[in-house]
Every structure is written in C-alpha cells, then in structure tokens.
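Since the structure comes first, as structure tokens, the remarks are kept for the end.
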Protein chains: 2
Amino acid sequence: MELISHTLVMGRLNSSTAFYGSKVPQAMKVATFNANSMRVRLPIILDWIGREAPDILFLQETKVQDKDFPVNAVEEAGYHAVFRGQKSYNGVAILSKSPLDDVKTQLSVEGVDEARFVSGRIGDIHVINAYVPQGFEAGSDKFRFKLAWLEHLLGYITANYDPSSQLLVAGDFNVALTDMDLYDPDGFRGEVGFHPDEQAMIEGFFNWGLVDIFRKHIREGNQYTFWDYRIPSGFKRNMGWRIDYILGTASQAERSRSVWIDREARAMEKPSDHTFLVVEFD
Amino acid sequence: MELISHTLVMGRLNSSTAFYGSKVPQAMKVATFNANSMRVRLPIILDWIGREAPDILFLQETKVQDKDFPVNAVEEAGYHAVFRGQKSYNGVAILSKSPLDDVKTQLSVEGVDEARFVSGRIGDIHVINAYVPQGFEAGSDKFRFKLAWLEHLLGYITANYDPSSQLLVAGDFNVALTDMDLYDPDGFRGEVGFHPDEQAMIEGFFNWGLVDIFRKHIREGNQYTFWDYRIPSGFKRNMGWRIDYILGTASQAERSRSVWIDREARAMEKPSDHTFLVVEFD
DNA sequence: GTGAGCTCAG
DNA sequence: CTGAGCTCAC
C-alpha cells in the first residue's frame, strides 16, 4: 500500500485513486530495528525490506554520519530515508515507501544534542523514532540522563501531539517492563534496563495514551528483541530482553492486526544484537 | 609430485617407487606470496593451492602469532606448515606437500629477533624463506637495519650452505634491482627499495652463486609482484615493483623450466598488495 | 589503502 | 562479543 501523503492530499493525486481526500487509514506494515551500524547491517536491511516490504522501518544505532549514510542503496530499494547520525555512537533513521513530511531530527536534552530522535508524518500518521540512552549503571550520571531524556521525550509528545491523534512511537527504549520481558528478572531487578525509575517513565507514556502494541497482542514471556553479544550463545539460549517497542495511540493500537518478532534475521550474516519487531495494521 | 623426503629415504618408501634412494631431482612447483595477513588471505591461499598445487609455498607478512596460525585449514588442504609469527607485524611460513626437515625459524640481527626467517629441507632441496625489512627511508635507522639484515642473511647462507648445493632462497626482499623492476625508476632512484646500497647487498647474493630465476627466464620489464595500495588504481595502471624473488643456486636455476606471476590472484576478493610468483622445475 | 590492535561503548 | 575510530606500519 501507499499511505495518503500530505503532498497527495494537497492535490497531486490523479482522480482515479480511491482514497483521494479520505481520512480512512489503509493497511500498513511498520517495523523497528536497532541496526548497530547501518553500514555493517546494510545487506541485512536491504534483504529485509526486499522480502518484507514494510511501509515504514525505524532504525536505531546507525552509527554513521549523515555524509556517509547509504542513501543510494536505500533509494534503489524503493525507499525514502530521513536520518540523523553522528560519529561512532547513536544515530537514527526512518525508511519509508512514501516520503516523510514535517521531519524533525532534534531533541536536545540538558544541552546534550545526541542523534537519538527523528519524527515526521506520512499523511495523517505521525511517527517518532527514538533511541533512548542505555544508561550505563543505575544511579550513574548516564542513568540520570536516560531518565531525563525519557521525561523530555514524553514532555515533547504531550506538548505536540494529542492522544486522539494517529501517532506511532517506535524505537529502542533500553527498558524492560516486567518479569516477562527479560531472561533473568531477579538477576537484573533494580539494575539499568530493569529499574523501577525507568519503568515508571515508560508508564508515563502509557498513561498519556500510548499502547505497547506487542503486549496488546502477545501475552507470553520469553519474547525478546535484544540479546547481549557478550553472553555466550545468548541468542540460542534465548537469554534476551524485550526493550524495543512500537507504541501507538488508541486509534493505532485499535487497528493493529498482528505483531511479530523476526528471529530469522538473527540467522543472517553478521546479525545485530537486536532484531526486527513488526506490526501490521488494517 | 612428491619430493623424496628425508623420511622416505630413511626407509618408509615402498619398493615400487622409481626414485628410491636416488638423488635425481623431480619436477616441482614453488611459489612465494607476501600474504599481508594470513588470516585475511586464507581463502585466497586455500583457493590458490587447491588450483595450482604447488609443492612449496613461501609466505611473508603472515601477521599472525603462532597460536593463531590456521594450521587445520592448511592441513585439510593437504599441506604441512612451518611458521613463525608475531603480533601485528612480519611473520613467515612455509607450506609444503612433503614435510619440512631441519626447520630453523630464527635469524637474530643486532639482537633484534623479528619473525622474518624460516628455513628447512625437503629431501636434498634446502629452502630459505625471507621477509626482508622494508627500511622506511634511505639513511634512517630502519634502513641501516635492512642492510644489516641482508648482510646477516648472506653471511648466514655463506656460512651454512655451499653454492654447489640445491638451495632456494625465496621471499619479499623489498628491493627492486634495475630500471625494469619498478614503474618509476627515476622517481624512486636512491629512495628506499631502489637504493644502490640495497642493490649492492642483493648483488652479494648473486656473487655467492644465487640466481634470480625470474630474470633468467624473462627479460621484459613491467613485470611486478607488488603494487602499493596507496596508489589509486595502481594495479590496473600496473604501477608496481618487482621485489619478491625466488633465488636458486646454479643447479636449481639450471633445472628451472618456467616462471610466471599470477596476476589473477589480484582479481580475487580482498587481494594482497603482493601477488604470487611461481617457478616450475623439471 | 589496508591490516592489526588498542580504547571506548554497548 | 561487536563496531567505530584511532595509531602504527607498510
């Protein structure tokens, strides 16, 4: 499908198109993936979008400066790309079949302007891609920055969007929410990534009106999107964390039909430590 | 073919073999290759020995410590390996169909014991593999060390071998001898790699009785074994140097039938900056 | 330009 | 364990 984009509504659409001027949403597929290097994972990403044809793919940890972002390869695959990167760390991108409007790539927190945020709009669908700071260690400065960044993001959302709007917030939140969401809850309770202060921040997103679309559909545990490279055979032993999310306002949660985690992408050459989380909408 | 090895002469050969106890040399193929990393070039090397089936392959710049040398892969390809490596730099190895006897891996010069030398014997054929220091810059300490190392190698040869013996000395000498042997002789005259002092040292090897087997067979220029990575399209433009050699005593030069440089190996994935130099013997 | 190995971060 | 980017050497 193609989303009805702003430019189309503005009049460039020819009269034979069914949904001209309509606000009726169309089926779409959305995915998020912490690539852990756009350049290293480019073959996996091109293969994946070739096979799965998502309408929108949110990418985190692209670890590539804008001048080196592989725009051509992405465009040859039939996608538009918006991105903001920096040297070595962080970096986010949104690939989409239809171009993104109203693009924003900055969310400065405490004067720190890391490449962790991209937002935009495709037709009536508003999208935010977030790469939440990892936080290093509970109680550390980096941990406090993580909480501040989450608070700032939520503040930005409440100030700029309405719970009744069509909004998706996807990305790597670096927080597991419940005992179902990581392989050793007792071992990590109170540690970074599984700390009550982080979880309370995420609850704030829910309280505002965002829904964890994966959890709406799937109630089982042991469903992870991240496996630490440092744990020997961690993927095979499924010692992972569910820390990547696709959140949606009520309207989006409502029209979400199915959700799945692509464990196959981990069988490819040079897998990332994360994998693809996918939501399909009616 | 299989060379008549020491162990065979010692009695393990069955009586149907033609050359039992004989000193008559058999046809063999010998090659030298500066791998510039044994680990990175392993696919190229395995492919090459699989296709070309050399009896002996001399390798330089293996850049791998002995504990990490890919012995298994080499043995699975049907070769014995002797090697001496160090971290990051230098490193030499000899792969051979028949095992090498009387292996020596040390040639300490001025107290510096870098991994630049392996010698051994297969039957009556004595072999030396040398990775001569690059020399940095004419007149530098490293340049003087290069000359000292060459002098020491020649002294070692004259002290331990006889010009009438069957001796091969192969490797990367990091010296071009004449204007035919590099792409810009006037540009590099007197520079490291094309300096009269280095050339005089190599002449010493010839004066003792070693023959540059390539040059015995091929009189043309523009025949190179090394192309500096840093020169844009240097290989395509054939801006190279002939600095790798297979030298032999008179008896070996005599029975050398043909010599060639394998430019095809440079078309493979991740080519080295050097390529294979090959001599076939009757 | 390329490889090794180091530091930093995850 | 993995990636980036740095230094070093060639």
Side-chain angles (χ1 to χ4, degrees), chain A residues 34-42 44 60-65 68 85-91 114-116 131-137 140-143 145-146 172 174 191-193 226-237 239-241 243-244 266 269-274, chain B residues 34-42 44 60-65 68 85-91 114-116 131-137 140-143 145-146 172-175 191-193 226-237 239-241 243-244 266 269-274:
Chain A
N34 178 314
N36 191 7
S37 170
M38 186 68 193
R39 285 168 292 185
V40 172
R41 241 55 75 183
L42 187 59
I44 287 181
Q60 303 85 37
E61 282 206 87
T62 54
K63 290 184 176 177
V64 63
Q65 297 177 81
D68 297 320
Q86 64 186 75
K87 201 191 278 192
S88 290
Y89 307 117
N90 313 318
E114 296 180 335
R116 299 182 172 278
Y131 173 51
V132 177
Q134 187 268 348
F136 182 51
E137 197 174 81
S140 68
D141 282 355
K142 287 178 177 173
F143 186 77
F145 178 70
K146 179 182 193 172
D172 176 0
N174 270 313
E191 305 286 339
V192 65
F226 163 75
W227 298 265
D228 194 317
Y229 281 135
R230 288 164 290 186
I231 294 175
S233 307
F235 178 70
K236 213 177 72 181
R237 299 155 69 203
M239 298 169 80
W241 301 59
I243 56 179
D244 299 281
R266 284 276 326 197
E269 277 298 295
K270 286 198 156 267
S272 173
D273 45 0
H274 294 248
Chain B
N34 179 316
N36 191 8
S37 170
M38 186 69 193
R39 285 168 292 186
V40 172
R41 242 55 76 183
L42 187 59
I44 287 181
Q60 303 86 36
E61 283 206 87
T62 54
K63 290 183 176 178
V64 63
Q65 296 178 80
D68 298 320
Q86 64 186 73
K87 200 189 280 192
S88 290
Y89 306 117
N90 313 317
E114 296 179 334
R116 298 181 173 278
Y131 174 51
V132 177
Q134 187 268 346
F136 181 51
E137 198 173 82
S140 67
D141 282 354
K142 286 177 178 173
F143 187 77
F145 179 69
K146 179 183 193 174
D172 176 359
F173 285 74
N174 270 313
V175 179
E191 305 286 339
V192 64
F226 163 75
W227 299 265
D228 195 318
Y229 281 135
R230 289 164 291 185
I231 294 176
S233 306
F235 177 70
K236 212 177 72 183
R237 299 156 69 203
M239 299 169 79
W241 299 60
I243 57 180
D244 299 279
R266 283 278 322 199
E269 278 297 297
K270 286 197 154 267
S272 174
D273 45 0
H274 294 247

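Within every chain, numbering begins at 1; the chains are lettered A, B, ... in the order of the sequence lines, protein sequences first and strands thereafter. All of these numbers come straight from a predicted model, not from anything done at the bench.
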Gap between atom OG of S272(A) and atom CH2 of W227(A) - 0.5 Å precision: 9.5 Å
Judged by nearest nucleotide, the residue sitting upstream toward the 5' end of DNA chain D, D228(A) or S88(A), is D228(A)
Starting at CH2 of W227(B) and ending at C1' of dT2(C), how long is that distance when rounded to a whole Å? 16 Å
Does Q60(A) use its side chain to pair, donor to acceptor, with the backbone of Y131(A) at less than 3.5 Å? no
Under the side-chain hydrogen bond (donor to acceptor under 3.5 Å, both in side chains) test, residues paired with Q134(B) that sit two or more places apart: none
Is it the case that over 12 heavy atoms from other parts of the model lie below 6.0 angstrom from the CZ atom of F145(B)? yes
Can you name the atoms? Protein N/O to nucleotides 7-9 of chain C N/O, anything below 3.5 Å, with the distance.
none

In whole Å, what is the span from the CD atom of E191(A) to the P atom of dG10(C)? 16 Å
Can you check the H274(B) NE2 to dT2(C) C1' distance for me, whole Å? 12 Å
What are the two closest heavy atoms between K63(A) and R39(A), and how far apart are they? O-NH2, 3.2 Å
From R116(A) atom CZ to N90(A) atom CG, the distance as rounded to the nearest 0.5 Å: 4.0 Å
What are the bounds, 5' to 3', of the part of DNA chain D that sits under 4.0 Å from heavy atoms of chain A? dC1(D) to dC6(D)
So does Y229(A) have more than 12 non-hydrogen atoms from other groups sitting under 6.0 Å from OH? yes
I'd like to know if the side chain of E61(B) pairs up with that of N36(B) as donor and acceptor (distance under 3.5 Å, no hydrogens or angles considered). no
Using the six-membered ring wherever Trp is involved, compare the ring planes of H274(B) and F226(B) and label them parallel, tilted or perpendicular (cut-offs 30° and 60°). tilted
I need the CZ-P distance between F226(A) and dG10(C), as an integer number of Å. 11 Å
Would you kindly give the CZ-to-P distance between R230(B) and dT2(C), to the nearest whole Å? 12 Å
Gap between atoms CG and P, on N36(B) and dA4(C) respectively (whole Å): 8 Å
Length of the line joining K270(B):NZ and dG1(C):C1', which is rounded to integer Å: 10 Å
Report the distance from atom CD1 of I44(B) to atom C1' of dT2(C), rounded to the nearest whole Å. 13 Å
